[in-house]
Amino acid sequence: MTDEHEHYEAVVVGAGPGGAAAAATLARNGVETVVLERGVDAGSKNVTGGLIYAEESAPYTIDGLLPGFREHATERPVTDYYIHNIAGEKVKTFDITQGHERDTEWADAVLRRKMDSWMAERVHELTRETGGGLLTGVKVNGLLRDNNEIVGVTCEELDPIEADFIVAADGVNSELARAAGLMDWEEPEEWFQGVKAVVDMPGDAINERFGIDDDEGEAHLFSGDLYDGVRGGGFLYTNESSLCIGNVFHLDSIVAEEAEVQELLDALLTHPLLAQWLGEEYDEREYSAKLVPDSKKAANPSPHEGRLVLVGDAGGQMQAQGPIIKGMNHAVTAGALAAEAFVEARSRGKPSTAGERYEQRLHDEGVMAKLRPMRYEVASAAGENDITTDLAERLLDSPLGRASVRAADTAGLLGRAYGSPYLASMMPDTKTPYVTLPTIIAEELGTRVADDNTIEPPSLGERIGELTYDTDVGNPHIVLEDDSVAASGAAVTACPVSAEGFGGGCYREETVQSNGDEERVVSLDTQPCVECGTCAVVADTQWEHPRGGKGVEFREG
């Protein structure tokens, strides 16, 4: 095998925060490392909400691994954090900054194109010194095996590459994780879907409307009845000269409610509460979407197979527990721990033990305890069933329940509860904490918003039309295996670039006549695809990423 294929000590697939952390740590320890990134530029395929954290308890932070990160790669620091409970035009807001700052060294808003591109330059410099480097426009499509043992990776654009150590940092739709049998797309309840708009706004306007200075920033979360019962919530983060505004919902709830996800985004954008920040002119720079793993269910407790290890979203390492939304920092920690494990295994003459050492480090450093808290395992067993949910719903909406909400607020308990990581880690995945409780809080305690929101968000067609694509004509990356509405109809509404009655999206429902009979079927056009992976979970498809450099290219991320 060595004579047939190029060989590196380590191959890192993906140049996001997890891949960058792994590559930088490997290179600094003298490991010959090559990084393969499928985008035309690092960050061009990546999307985040998003905030990146440096936790005080974490063994690694991105600015520790890549000095200058905050000065060159981020937007604004988060200095204030709020959560808004909404019922119609009534809103009750809690300041949860104190909870947000627990175990937080710093937290900054980021845009992935800017952040990942800056990291990639540093990583290329480091890896080049050890005989490797970073290559863009290369899609890694599978694992190279010898006698069923993983020995490297296969690529669309290059010959196979052998490696002693393989880091899959290729995101939530990881081809490598699936090829190794370490991830599947069978259960919608294991995933969230995030949909986001980047809104243009001059820095001085942000400062004025949010009442902040250049070195300050705000984060806002939204929940309640504006989402028609879909479990999840919204976010708003201030950047240097733009806002990130979006929603994150449980994918199974989107499917069950047949929700049009772009309409849910518009419901947030046009709510009167946002008028104070958006003003009268609305300029949307970019529309995007991605799947997000629910680490409580999807984080792999043993994310390795042979020479392969998973880091970041590829390993399900995204923590979303109430107002705690952290992913990139865990990817950084995991990437560095994986590299550290290989360096130690190599020094002991047993490189094949790197995966086991990595798994142990994830547990020893408390990463898995954050991603899959035992408190949730216990609470979900008792609380995530129809009987308990129905009882909680009826109790909350009773005179006694509403009186209890008012009393809890008077005692200051509600604000403390929202800012408690302990309670957040126990929150059940039911509509009670996402919809019912916030709605009742707003109805009982909220103030009516008097502002008039006059903005008009772009249509779905306009949003798709503003995106940049390099369409790979003749090479569709998604194949619809069963076009029946029963098997694949959920994609028509759940896909963020599709909608009922919209003829320009990926998925469309059509009536087909055959031998005098009519049948409702689903058709597919992958040209407007934003590569979120939603349809891989909710429709009967064969799904893979487009070839290197092809497909959608995000300018903001």
Side-chain angles (χ1 to χ4, degrees), residues 49 80-97 195-197 199 201 205-206 208-212 218-238 243-249 253-254 257 259-284 322-323 393 396-399 401-410 412 414-415 417-419 431-459:
D80 297 286
Y81 209 123
Y82 304 94
I83 189 164
H84 307 277
N85 299 272
I86 299 174
E89 295 183 355
K90 294 185 70 176
V91 178
K92 175 61 176 177
T93 298
F94 295 99
D95 185 335
I96 58 172
T97 305
V195 175
K196 183 188 75 171
V199 181
M201 187 172 294
I206 293 174
E208 178 184 354
R209 295 174 188 181
F210 288 88
I212 56 178
E218 291 188 357
H220 296 259
L221 300 179
F222 310 89
S223 60
D225 70 353
L226 75 165
Y227 296 123
D228 294 328
V230 185
R231 300 191 331 272
F235 61 84
L236 182 155
Y237 304 128
T238 54
L243 305 177
C244 286
I245 306 176
N247 295 319
V248 180
F249 295 111
S253 185
I254 291 173
E257 300 296 330
E260 298 277 11
V261 295
Q262 80 285 345
E263 291 182 0
L264 296 174
L265 174 61
D266 291 347
L268 174 60
L269 289 168
T270 58
H271 191 274
L273 177 63
L274 271 70
Q276 62 184 309
W277 301 314
L278 295 181
E280 297 181 356
E281 295 185 8
Y282 181 82
D283 182 9
E284 192 169 292
E393 295 280 309
L396 269 175
D397 201 23
S398 69
R402 289 176 177 267
S404 298
V405 166
R406 294 192 298 271
D409 182 60
T410 301
L414 288 179
Y418 272 117
K431 67 178 182 179
T432 304
Y434 288 106
V435 182
T436 308
L437 178 58
T439 301
I440 290 174
I441 288 174
E443 288 174 346
E444 294 299 319
L445 308 171
T447 302
R448 190 170 302 279
V449 180
D451 293 333
D452 185 18
N453 190 331
T454 60
I455 72 151
E456 294 185 10
S459 67

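Nothing fancy with the numbering, it's 1 onward along the sequence.
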Chemist: Taking everything shown except Lys431 itself, do over 12 heavy atoms lie less than 6.0 Å from its NZ?
Modeler: no
Chemist: Measure the CD1-CD distance between Ile455 and Glu281 for me, rounded to the nearest 0.5 Å.
Modeler: 12.0 Å
Chemist: Please answer whether the main-chain N or O of Gly233 pairs with a side-chain N or O of Ser223 as donor and acceptor at a distance below 3.5 Å.
Modeler: no
Chemist: Do the side chain of Thr97 and the main chain of Tyr81 share a donor and acceptor less than 3.5 angstrom apart?
Modeler: yes
Chemist: Identify the heavy atoms of Leu265 and Gly246 that sit nearest to each other, and give their distance.
Modeler: CD1-CA, 3.8 Å
Chemist: Between atom CD1 of Ile83 and atom OG1 of Thr93, what is the distance when rounded to the nearest 0.5 Å?
Modeler: 9.5 Å
Chemist: How many angstroms lie between CG in Leu278 and CG in Leu236, if you round to the nearest 0.5 Å?
Modeler: 7.5 Å
Chemist: Counting N and O atoms only, with roles assigned by atom type, does the side chain of His271 sit under 3.5 Å from a partner on the main chain of Asp266, one being a donor and the other an acceptor?
Modeler: no
Chemist: List the atom of Asn85, the atom of Ala442, and the distance in Å for their closest heavy-atom pair.
Modeler: O-CB, 3.3 Å
Chemist: Which class fits the ring pair His220 and His84: parallel under 30°, tilted 30 to 60°, perpendicular over 60°?
Modeler: parallel
Chemist: Are Arg402 and Glu443 ion-paired here, with the side-chain N under 4.0 Å from a carboxylate O?
Modeler: yes
Chemist: Once rounded to the nearest 0.5 Å, what's the spacing between atom CE of Met201 and atom CD of Glu208?
Modeler: 10.5 Å
Chemist: If you define the side chain from C-beta out and look only at heavy atoms, does anything of Glu218 sit under 4.5 Å from Ile212?
Modeler: yes
Chemist: Heavy atoms, side chains only, cut-off 4.5 Å: are Asp409 and Glu444 in contact?
Modeler: no
Chemist: Under a 3.5 Å distance rule, please check whether Asn247 uses its side chain to pair with a backbone N or O of Val195 as donor and acceptor.
Modeler: no
Chemist: Any idea which heavy atoms bring Leu437 and Pro433 closest together, and the distance?
Modeler: CB-CA, 4.5 Å
Chemist: To the closest 0.5 Å, what do you measure between OG1 (Thr238) and CD1 (Ile245)?
Modeler: 10.5 Å
Chemist: Looking only at atom types and distance, does a side-chain atom of Asn453 sit under 3.5 Å from a main-chain N or O of Leu269, one as donor and one as acceptor?
Modeler: yes
Chemist: Less than 4.5 Å apart, any side-chain heavy atom of Leu243 and any of Phe210?
Modeler: yes
Chemist: Rounded to the nearest 0.5 Å, what's the gap from CG on Leu414 to CZ on Arg406? Could you check?
Modeler: 12.0 Å
Chemist: Do any N or O atoms from the side chain of Asp451 and from the backbone of Leu274 form a donor-acceptor pair under 3.5 angstrom?
Modeler: no
Chemist: In the structure I gave you, are the side-chain heavy atoms of Tyr282 and Pro458 within less than 4.5 Å of one another anywhere?
Modeler: yes
Chemist: Return yes if some donor-acceptor pair links the side-chain N/O of Ser253 with the main-chain N/O of Val230 below 3.5 Å, else return no.
Modeler: no
Chemist: If you define the side chain from C-beta out and look only at heavy atoms, does anything of Ile441 sit under 4.5 Å from Tyr418?
Modeler: yes
Chemist: For the ring pair (Phe, Tyr, Trp, His ring centres under 6.0 Å) test, which of Phe235, Tyr434, Tyr227 pairs with Phe249?
Modeler: Tyr227
